[in-house]
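First the structure, in the form of structure tokens, and then the observations on it.
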Amino acid sequence: MRATVRRAAVAVAVLALLLTGCSGGDDGRDADGTIRLRFQSLAWQKESVAANKQLVKEWNAAHPDVQVEYVQGSWDSVHDQLLTSFEGGEAPDVIHDASDDLADFAYGGYLADLRPLLPERLKADIPEQSWRTTTFGEGVHGVPFLQEPRVLIANTKLLKASGARTPTPERPWSWEEFRQVTKELTGQGRYGIAWPLKEPVSVSLNLGLSGGGRLFHRDGDGKAVLRFEPGDGVVTGTIHDQVNTDRSAARSALGMGGSDALPGFFGGRYAMLPLGFSYRQQIIQQAPEGFEWTVLPMPAGAGGAVQGVSPQTLSVAEESPHQKEAVAFIDFLLRPANMVRLARGDWMLPTGTEALADPSLRVAEHGWAVGAALAEGLRPAPAQSVRGYPEWKDKVATPAYQEFYSGAIDADELSNRLVEDGNRVLARYQR
């Protein structure tokens, strides 16, 4: 019996060696020494997917010894999918994600520290404020490359008819002026604004910076703590009052996503929508013939014309046996001309200084120039590096904001829930 088992074991071992020889081993190389990298992309728009695949094709043509396989991922499931692949030892070498999804992976040791690998050109081209979005502890665990400010998309005819001042990036509306304008735009079956807040947390936090709020702070020991200060109530209070006091914002839109609100905007039910910059592509594709729209900056408060962003990122798996080559591929993707191609494919803004200066991203058409002007005021999202943020967001903040904006709870209850319940969540991650 033991001899049979030993013979079976030997057979299995021989088979494993044969398979290893065929696949090139566990170090990502073929039998002829060609390095194989897997690049998981979350591009989903047709233009963006095409741009990414074309760049992979160009890299492969120029680097026969380092070949990249394009792997299609999905924003809807990326966190759980990556966690599973990390724990199973099957993570892609190059990982496309967003900076606000990296903290747990970075602190968990799943992402490589890129500091010793990044070329000087790339480090110098991307501003420090963008690098802060991918810095966790002492390490840099991703390259931020695309960012998306939130803007106001306005019905041009309705805005002109109201007589309201047209805001510019240099002179945006204040939050008080914005509230007054939405009142003036309301009437005859129309709301001045619709806030699609199916996902209310990032909107509230990121726009809250302009009101002087942060919500997330660091104590003397460097631990994250939540405090609701007067500045945190500027944006949230404006939205609440538009819905519940002025009736200038559509209550029915609170549970919508951005795409859900577009038909009402095209139909004249809403005069303005606050949307991510990339929604311009959908508007171009879906707007009825002759519909006139314009891109405006979001309002600004005591904090200035700033807002938080969580850029799209490219990271390298810690388990990748070819981190140097993976970073070389990232550097190729993010050469200025290539970064412009990726930005235009996603209808977003590049983080790179040289790419952002490209004339094609500075034209007035479709609001590109407005977006480029807003890039200077983009800051790391307040909860960017906070461990436990996903749980706080899902279990505490989302229901609290939803109830506050609908009028079910008041500002004091919102503050209590965000802070008291929230700090208990964060404490578990910082023991």
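Predicted model, so just to flag it, every value in this text is computed and none were measured. Along the sequence shown, residues carry numbers from 1.
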Practice task
Among Leu333, Asp331, Asp97, find the one that has a side-chain contact (heavy atoms from CB on, under 4.5 Å) with Leu314.
Solution key: Leu333
Handout entry: Min side-chain heavy-atom separation Val203-Pro274 under 4.5 Å
Key = no
Practice task
Assess whether side-chain contact (heavy atoms from CB on, under 4.5 Å) is satisfied between Gln307 and Leu209, documenting all intermediate values.
Solution key: CA-CA 6 Å; Gln307 55 180 285; Leu209 292 180; 5.7 Å; no
Practice task
Tell me, please, whether Phe277 has Arg280 positioned over its six-membered ring: NZ or CZ under 6.0 Å from the ring centre and within 45 degrees of its axis?
Solution key: yes
Exercise for the section: Take Val71 and Phe39, measure what side-chain contact (heavy atoms from CB on, under 4.5 Å) needs, and give me the verdict at the end. Expected result: CA-CA 6 Å; Val71 179; Phe39 164 42; over 6 Å; no
Problem - Test: Glu229 and Arg214 ion pair at under 4.0 Å - result: no
Handout entry: Basic-acidic side-chain contact under 4.0 Å: Glu58, Arg341
Key = yes
Handout entry: Atom CZ of Arg218 with >12 non-hydrogen neighbours under 6.0 angstrom
Key = yes
Exercise for the section: Give a yes or no on whether the ring-centroid distance for Trp195 and His240 is below 6.0 angstrom. Expected result: no
Fill in the blank from the handout: Taken to the nearest 0.5 Å, the spacing of Glu148 CD from Leu349 CG works out to 8.5 Å
Handout entry: Presence of salt bridge, Glu176 and Arg179, under 4.0 angstrom
Key = no
Practice task
Inspect the contact between Asp221 and Lys223 and indicate whether a charged nitrogen and a carboxylate oxygen are less than 4.0 angstrom apart.
Solution key: no
Exercise for the section: Kindly indicate, with the supporting measurements, whether the criterion side-chain hydrogen bond (donor to acceptor under 3.5 Å, both in side chains) is fulfilled by Gln282 and Trp347. Expected result: CA-CA 10 Å; Gln282 282 186 246; Trp347 288 74; over 6 Å; no
Handout entry: Minimum heavy-atom distance Leu55-Leu342, with the two atoms named
Key = CD1-CD2, 3.8 Å
Problem - N/O donor-acceptor pair under 3.5 Å between Trp44 side chain and Ser74 backbone - result: no
Practice task
To the nearest 0.5 angstrom, please state how far the OG1 atom of Thr133 sits from the CG atom of Leu102.
Solution key: 8.0 Å
Problem - Pair Phe291 + Phe266: ring centers closer than 6.0 Å - result: yes
Practice task
For residues Leu296 and Thr166, determine if any side-chain heavy atom of one lies less than 4.5 Å from a side-chain heavy atom of the other.
Solution key: yes
Completion exercise
In this structure, OG of Ser202 is separated from CG of Leu197 (nearest 0.5 Å) by 9.0 Å
Problem - Interatomic spacing from CE in Met348 to CZ in Phe145 - rounded to 0.5 Å - result: 8.0 Å
Handout entry: Enclosure of Glu138 CD (heavy-atom neighbours >12, cutoff 6.0 Å)
Key = no
Handout entry: Between Ser360 and Trp368: side-chain donor-acceptor atoms closer than 3.5 Å
Key = no
Practice task
Output yes when a side-chain donor or acceptor of Thr398 lies under 3.5 Å from a complementary backbone atom of Lys393, and no otherwise.
Solution key: yes
Handout entry: Lys395 atom NZ: more than 12 heavy-atom contacts under 6.0 Å
Key = no
Exercise for the section: State whether the side chain of Glu90 and the backbone N or O of Ser85 hold a donor-acceptor pair below 3.5 Å, judged by distance alone. Expected result: no
Handout entry: Intermediate values then yes/no, side-chain contact (heavy atoms from CB on, under 4.5 Å), Val143 and Trp131
Key = CA-CA 7 Å; Val143 182; Trp131 284 117; 3.9 Å; yes
Problem - Pair Asp346, Ser48: side-chain N/O donor-acceptor within cut-off below 3.5 Å - result: yes
Problem - Exceeds 12 heavy-atom contacts within 6.0 angstrom, atom CD of Glu319 - result: yes
Practice task
Report the relative orientation of the aromatic rings in Trp293 and His366; use parallel for angles under 30°, tilted for 30 to 60°, perpendicular for over 60°.
Solution key: parallel
Fill in the blank from the handout: Here the gap from Gln384 atom CD to Leu205 atom CG, rounded to the nearest 0.5 Å, amounts to 11.0 Å
Exercise for the section: Give the ring-plane orientation class for Trp392 versus Tyr389, where under 30° counts as parallel, over 60° as perpendicular and anything between as tilted. Expected result: tilted
Exercise for the section: Please say which of Glu69, Gln81, His96 ends up in a side chain to side chain donor-acceptor pair (under 3.5 Å) with Gln40. Expected result: Gln81
Practice task
Could you tell me whether His79 and Phe105 have their ring centroids closer than 6.0 angstrom?
Solution key: yes
Handout entry: Approximate separation, where rounding is to 0.5 Å, of Thr182 OG1 and Met272 CE
Key = 6.0 Å
